[in-house]
A.B. asks: 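Pasting a structure below so you can have a look.
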Amino acid sequence: AEHIFHLALLVWVLGKKKRINLERVIKMALIHDLCEIYAPDFTSYDAKAIKEKGRITIKEVLNLKPTIGRPTTNQRKKIEKIKKKLETKAMKKLFASLPPNLKKEMIFLWLDYEEGLTPEGRFVKQADKVINLFQGLEYWKKYGKIQHHLWIRRIKEVISDPDLLEFVKVLENK
């Protein structure tokens with residue numbers, strides 16, 4: 001809930017500087033992780049635990065022991081594929097009993113977030129990565145157990161939005 005709240009505030013405040021639909025980005029931020037009610041939330045440390053070669057099953061992914069370090073592109077792709085299957089199944093379950101119009105809206109919002117179909121979807125997806133960094137830096141400050149320099153390096157590889165990059169620079173300097 002805290003993560004969703006932070007993301008909703010970030011996209012609302014930084015979204016005001018853009019020509020995007022604020023109602024859409026706030027709604028997207030509010031529902032983007034609902035699937036985690038039924039699907040696990042994976043981190044880079046989970047991806048790092050995946051064997052480089054060979055196939056991996058959903059059951060094997062669910063039993064991974066997170067490993068410190070930076071995953072390869074191949075490891076990231078493998079966990080993303082499993083994550084997408086689990087999250088899609090979870091969202092179908094969550095939306096099954098909703099009224100048709102609400103169900104349709106939520107499905108489109110979630111798919112837009114996942115696939116980056118619109119400027120709003122791409123902005124929220126990148127903002128979500130920034131909030132993960134923010135949360136990770138808070139954990140690092142409090143517990144000192146994450147490799148924060150890897151998180152900062154990764155965020156700069158996946159963020160292209162200038163306003164979000166400016167926010168990351170502020171976080172990095174603090």
A.B. asks: Atom CD1 in Ile152, atom CG in Leu137: separation rounded to 0.5 Å?
C.D. replies: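 These two atoms lie 5.0 Å from each other.
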
A.B. asks: Do the side chains of Asp46 and Lys65 get close enough for a salt bridge, i.e. N-O under 4.0 angstrom?
C.D. replies: no

A.B. asks: Under 4.0 Å between a side-chain nitrogen and a carboxylate oxygen: does that hold for Arg122 and Asp161?
C.D. replies: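 No salt bridge links Arg122 with Asp161.
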
A.B. asks: Are Leu9 and Leu109 joined in one hydrophobic group, where the rule is that I, L, V, M, F, W and Y side chains link up if heavy atoms are under 4.5 Å apart?
C.D. replies: yes

A.B. asks: Restricting to non-hydrogen atoms, name the atom on Ile155 and the atom on Val130 that form the minimum distance, rounded to 0.1 Å.
C.D. replies: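 In this case the closest contact between Ile155 and Val130 is CD1-N, 3.8 Å.
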
A.B. asks: Can Phe5 be reached from Ile31 by stepping across I, L, V, M, F, W or Y side chains whose heavy atoms are under 4.5 Å apart?
C.D. replies: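 Looking at the clustering, Phe5 is in the same group as Ile31.
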
A.B. asks: Distance check, rounded to the nearest 0.5 Å: Leu14 atom CG versus Leu164 atom CG?
C.D. replies: 6.0 Å

A.B. asks: If you look at every heavy atom in Gly15 and Leu22, which pair is closest and at what distance?
C.D. replies: C-CD2, 3.5 Å

A.B. asks: Run the side-chain donor-acceptor check on residues 82-104: report pairs under 3.5 Å with partners two or more places apart or on a different chain.
C.D. replies:
unit_1, atom_1, unit_2, atom_2, d
Lys84, NZ, Glu115, OE2, 2.5
Thr88, OG1, Lys84, O, 2.8

A.B. asks: Show the nearest heavy-atom pair for residues Leu7 and Ala29, with the distance to one decimal.
C.D. replies: CG-CB, 3.8 Å

A.B. asks: List the steps and the verdict of side-chain contact (heavy atoms from CB on, under 4.5 Å) for Arg153 and Arg70.
C.D. replies: CA-CA 10 Å; Arg153 188 166 106 197; Arg70 188 166 188 201; 2.3 Å; yes

A.B. asks: Check whether any side-chain heavy atom of Ile68 sits under 4.5 Å from a side-chain heavy atom of Lys48, and report yes or no.
C.D. replies: no

A.B. asks: Assigning hydrophobic clusters by single linkage (Ile, Leu, Val, Met, Phe, Trp, Tyr; side-chain heavy-atom cutoff under 4.5 Å), is Val158 placed with Phe167?
C.D. replies: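 Yes, it is one cluster - the side chains of Val158 and Phe167 are joined through contacts under 4.5 Å.
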
A.B. asks: Would you mind reporting whether Gln75 and Lys51 have side-chain heavy atoms less than 4.5 Å apart?
C.D. replies: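 Of all side-chain heavy-atom pairs linking Gln75 with Lys51, none is under 4.5 Å.
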
A.B. asks: A side-chain contact here means heavy atoms from C-beta on lying under 4.5 Å apart; do Thr73 and Lys77 qualify?
C.D. replies: yes

A.B. asks: For a 4.5 angstrom cut-off between non-hydrogen side-chain atoms, does Ile26 reach Leu30?
C.D. replies: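 Touching, per the 4.5 Å side-chain cut-off.
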
A.B. asks: Before giving the answer on side-chain contact (heavy atoms from CB on, under 4.5 Å), spell out for Lys78 and Arg55 the whole-Å C-alpha distance, their side-chain angles and the decisive distance to 0.1 Å.
C.D. replies: CA-CA 8 Å; Lys78 284 182 176 186; Arg55 297 182 54 134; over 6 Å; no

A.B. asks: Look up atom CG in Asp33 and atom CH2 in Trp110, then write down how far apart they are to the nearest 0.5 Å.
C.D. replies: 10.5 Å

A.B. asks: Out of curiosity, Asn63 CG to Glu60 CD, how far, rounded to the nearest 0.5 Å?
C.D. replies: 8.5 Å

A.B. asks: Using the ring pair (Phe, Tyr, Trp, His ring centres under 6.0 Å) rule, collect all pairs that involve residues 6-44, keeping only residues at least two apart or in two chains.
C.D. replies: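 For residues 6-44, and leaving out neighbouring residues, the ring pair (Phe, Tyr, Trp, His ring centres under 6.0 Å) pairs sorted by first residue read His3-His32, His6-Phe134, His32-Tyr113.
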
A.B. asks: Working to the nearest 0.5 angstrom, can you tell me the gap between Lys81 NZ and Ile58 CD1?
C.D. replies: 10.0 Å

A.B. asks: Measure across Ile20 and Pro119 and return the closest heavy-atom pair with its distance rounded to 0.1 Å.
C.D. replies: CG2-CB, 4.2 Å

A.B. asks: Is there side-chain contact between Lys142 and Glu138, with heavy atoms separated by less than 4.5 Å?
C.D. replies: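 No, side chains not in contact.
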
A.B. asks: List the atom of Asp112, the atom of Arg24, and the distance in Å for their closest heavy-atom pair.
C.D. replies: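 Residues Asp112 and Arg24, closest heavy atoms: OD2-NH2, 2.8 Å.
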
A.B. asks: Between Lys18 and Asp163, is any pair of side-chain heavy atoms under 4.5 Å apart?
C.D. replies: yes

A.B. asks: Not counting sequence neighbours, which residues clear side-chain hydrogen bond (donor to acceptor under 3.5 Å, both in side chains) with Arg76? List them please.
C.D. replies: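 Residues passing side-chain hydrogen bond (donor to acceptor under 3.5 Å, both in side chains) with Arg76: Ser44.
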
A.B. asks: Is it true that Lys156 and Glu172 make a salt bridge, defined as a side-chain N closer than 4.0 Å to a carboxylate O?
C.D. replies: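 Looking at Glu172 together with Lys156, the answer is yes, because their closest N to O distance falls below 4.0 Å.
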
A.B. asks: So Thr72 and Glu52, do their side chains get closer than 4.5 Å, heavy atoms only?
C.D. replies: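 Yes; the side chains approach each other to less than 4.5 Å.
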
A.B. asks: In this structure, would Leu117 and Val25 fall into the same cluster of hydrophobic residues linked by side-chain contacts under 4.5 Å?
C.D. replies: no

A.B. asks: Return the CD1 to CG distance between Ile56 and Leu62, rounded to the nearest 0.5 Å.
C.D. replies: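 CG of Leu62 is found 9.5 Å from CD1 of Ile56.
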
